[in-house]
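Here's the structure, in structure tokens; my notes come after.
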Amino acid sequence: MSDFYLNIAVDTPLHRIFDYLPIKNSARSDYQIGQRVFVSFGRLKKIGVILNISSSTELSRKQLKPISQLIDRQPLISLDDLKLYKWAANYYHHPIGEVLAQAFPKQLRAGLTPTIELTTRYALSKHGLTLDENSLKRSPRQLGLWHQLKNADAPVDRDFFSTLDWNWRSPLKSMIEKGWVTASQEHNTATHSPTTPLFDPNPAQQTAIDSIAKALEGFQVFLLDGVTGSGKTEVYLRLIQHVISAGKQVLILLPEITLTPQLAQRFRQRLTAQMVISHSGLNDTQRAQAWLRLKEGLANILLGTRSAVFTPMRTPGLIIMDEEHDISFKQQEGFRYSARDIAVMRARDYSIPIVLGTATPSLESLYNVQQGRFKQLVLPERTAGASHPDIRLLDCRNQTLDNHLSQSLLKAIGKTLERNEQVILFVNRRGFAPVLMCHSCGWVAQCRRCDSRLVIHKNANLLRCHHCGVEHAIPNTCPSCQQAELFPLGLGTERVEETLSSHFPDTPVSRIDRDSTRQKNAMQSVIDKVHEGGAQILVGTQMLAKGHHFPNVTLVGIVDIDAGLFSCDFRASERMAQLITQVAGRAGREEKLGRVLIQTHHPEHPLLNTLITHGYTRFAKEALDERQQAQLPPYHYQALLRVNAINEQAVLNFLNDAKELISTIQAPLIQILGPVPAPMLKRAGRFRYQLLIESAQRKPRHQFLQQLLPKLEKLKSSRKVRWSIDVDPIDLF
DNA sequence: AGCACGCCGACT
DNA sequence: GTCGGCGTGCTC
């Protein structure tokens, strides 16, 4: 009888670890922390990871089952990485089993043990080398291959033959059969060789490179703060070269898939490296291969999106996160985490530096700079040829507005189009208008299920709730007073599109938002159309500001900035400032000077003026100061409490009690949303509500939750409800 | 989150 | 008698 127990993190949504017995007749030395196992769990078969091997258990032996299979002979994850995953599970209040499952590529999560794919290489055998041309004359294709292989100075892979326009497979096969050619299986260690040398850094870049290069031996967070065109990528390239030539690996995180190919291309041109890529556009095999190659040290660069932050590294040397402020780094569903914070923790665990690059740092990162936890490096200069755009506020007060567009903006658009140039207009909201109101009685179309208002979608001819997705027909008369005096209030992309089409009937107007780009390639076809040139107008939400480059756009209008100034979402002003800065950076990259016009009713707004005249850095500093003066802590967060039950009243009672409970732990903003449709719930008739908690607490968020969760648990015992809590992963440190 | 057990009303 | 809808409790 064995005298040890396995503590296993099972892939299940339960916040617990489960004890199992080892397999009969196995020895303690067979087991190591970090190995995967199959276990029977209830009557399900699940995968788990050994977290610990202990000599005691709280349950009696009879209650324990043995594991059904030990999958790995060696640990799949190291103690260091396990420590990080445990930290994340605790910090983000997510079950450890699911956190671990997310850290693996699909195939490994399914219990498979894929091996690193080998490449077949071909070379002439000793016998093949002694052949003379004449003996091959009768088969010209074999002769051709023989020549090719003879001229190659090393064994070649299949790509070597891909330039041939005839079928080389069968002659190669017969040459192998005759023993003239050897085929060997090898690790693919092909490196990309640079075609373009690295540029010489300018003084600011050199200073940044030196500061980071000096710190490569230990943990340190660098905030590399540089405007668009200041050459952050050059700094990355130098550092990467430095690190990989020392035999270490670099993890590079990017916010979006669309940005990977262009950066990957640039890296290939400039570095001698073995680079692997991982993002959701690749299939499971490709991602598993990238994961394994980094883990085994067969690759020295991993370029990936959010989820790549969990990939184990064999010889970690550096982590780089580009566009650090980007909200795509936050997973907003299920296991909610911030890849930035995980990356920082990871760097700390590995004792390596991390570089957070951005032109518009998040306030969290700037706060950490102020606190001395991060070191800020500024790249002030734009590289040669770039110029600053011209940003101006358009005072809309007392101006005649046509569907929220001022005469001066319309005039500027007209002039730009006359010059056969292009215009981009940013509007923060999709749909036609955010509110449908009755002129006669003031009734407003509200979502029956949520606290939010219904948005008018004219194209789809619907009222839609952007919170829960519910759709209604647009009424002709007011449901409250029966008058036919309903009118749209406010604006969205559809409305601006319509207004511009009527003002400039001869100019093509394209709209880019989540609705218009839902179909595959819709975005690309608009982009292609814009690149064709000619006078055009683009109307879009923020998604238009990222990554894409529109060379013929010389005027950018921002239509509804005021919402960002006074929104109850405390991050709105920060996002607004980031948008303006990004847009300005884009316009300024062209040879033609771009102009950015910002419509506002608050031209005196101090933060807005700081932004326009002094740029983002000053803006951010003042925004942080303002928060501190208002005694607001720099860290806010939201939590979503989901509650469901068969009995609607039980849910409401629970929520009301929860609300009261939360208010005793100081969470100023509480809102009930719901019932939100829950298609995953098999049984019809279950009611699901959500409680949005926004807290501005001085205490770290997880302390708040540690107080709240047991209380909610107690509350549940008296009622037949189920609940779960999802917490905004934006944070902290 | 699943899943099974077991309770109770409705039916060939 | 037993079929099936739904609350309850468990998963090492």
Side-chain angles (χ1 to χ4, degrees), chain A residues 1-24 26 28 30-31 33-71 86 89 92-102 104 106 109-111 331-336 640-654 674-690 709 712-727:
Chain A
M1 266 298 191
S2 63
D3 56 350
F4 64 97
Y5 307 93
L6 304 168
N7 305 141
I8 290 172
V10 182
D11 181 12
T12 165
L14 299 171
H15 291 259
R16 262 183 316 177
I17 289 169
F18 295 88
D19 294 346
Y20 280 83
L21 296 170
I23 295 175
K24 238 185 179 181
S26 60
R28 186 168 180 142
D30 295 337
Y31 298 96
I33 293 170
Q35 287 167 322
R36 288 173 303 162
V37 293
F38 275 124
V39 291
S40 66
F41 188 71
R43 55 193 54 209
L44 305 168
K45 194 175 180 182
K46 294 240 177 205
I47 196 162
V49 174
I50 302 177
L51 287 189
N52 213 351
I53 301 165
S54 61
S55 51
S56 65
T57 174
E58 286 180 1
L59 292 146
S60 74
R61 280 195 79 91
K62 271 180 286 177
Q63 290 171 282
L64 300 183
K65 293 179 188 173
I67 61 164
S68 35
Q69 195 193 329
L70 180 63
I71 300 171
K86 280 183 181 168
Y92 295 111
H93 290 271
H94 201 77
I96 180 71
E98 288 198 343
V99 171
L100 284 167
Q102 292 230 3
F104 298 137
K106 257 220 181 88
R109 197 184 312 165
Q331 176 138 321
Q332 301 277 22
E333 247 158 29
F335 171 31
R336 294 181 171 234
L640 207 57
L641 180 65
R642 294 202 189 107
V643 185
N644 79 71
I646 303 285
N647 179 341
E648 188 174 13
Q649 200 53 49
V651 183
L652 291 171
N653 291 342
F654 180 86
V676 172
M680 302 307 285
L681 294 172
K682 274 186 197 159
R683 287 175 197 159
R686 278 193 93 96
F687 289 92
R688 170 184 275 197
Y689 282 76
Q690 297 184 337
L709 297 185
L712 286 175
E713 195 60 49
K714 258 190 207 162
L715 205 59
K716 187 180 73 171
S717 59
S718 56
R719 285 200 194 81
K720 309 158 193 173
V721 295
R722 287 158 186 259
W723 60 267
S724 63
I725 195 158
D726 259 0
V727 183

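Note on naming: letters A, B, ... go to the chains in the order of the sequence lines (proteins, then strands), and numbering restarts at 1 for each one. Nothing here was measured: the structure is a model prediction, and the numbers come from that model.
- Atom NE2 of A/His94 is separated from atom P of B/dA1 by 10 Å (rounded to the nearest Å).
- If you measure from atom CZ of A/Phe335 to atom P of B/dA1, you get 17 Å, rounded to the nearest angstrom.
- For A/Ile53, the side-chain contact (heavy atoms from CB on, under 4.5 Å) partners two or more places apart in sequence, or in a different chain, are A/Phe4, A/Leu6, A/Arg28, A/Tyr31, A/Ile50.
- Of the residues in residues 12-20 of chain A, those lying under 4.0 Å from DNA chain B by heavy-atom distance are A/Pro13, A/Leu14.
- When atom types are taken as modelled, the side chain of A/Gln63 and the backbone of A/Ser60 share a donor-acceptor pair closer than 3.5 angstrom.
- As rounded to whole Å, 19 Å separates atom P of B/dA1 from atom CD1 of A/Ile96.
- Smallest separation of non-hydrogen atoms from A/Ser40 and A/Ser68: N-OG, 3.8 Å.
- The two residues A/Ile47 and A/Arg36 make their nearest non-hydrogen contact at CD1-CD, 4.1 Å.
- Residues passing the side-chain hydrogen bond (donor to acceptor under 3.5 Å, both in side chains) test with A/Glu58, sequence neighbours excluded: none.
- For the segment residues 39-46 of chain A, the set of residues with a heavy atom within less than 4.0 Å of an atom of DNA chain B comprises A/Arg43, A/Leu44, in numerical order.
- Residue A/Lys106 places its NZ atom among 12 or fewer non-hydrogen atoms of other residues, nucleotides or ligands, all under 6.0 Å distant.
- Among pairs with a residue in residues 38-57 of chain A, those fulfilling ring pair (Phe, Tyr, Trp, His ring centres under 6.0 Å) read A/Phe18-A/Phe41, at least two apart in sequence or across chains.
- Computed from coordinates, the A/Leu64 CG to C/dT11 P distance equals 11 Å when rounded to whole Å.
- Applying the side-chain contact (heavy atoms from CB on, under 4.5 Å) test to A/Leu44 and every residue at least two apart in sequence or in another chain returns A/Lys46.
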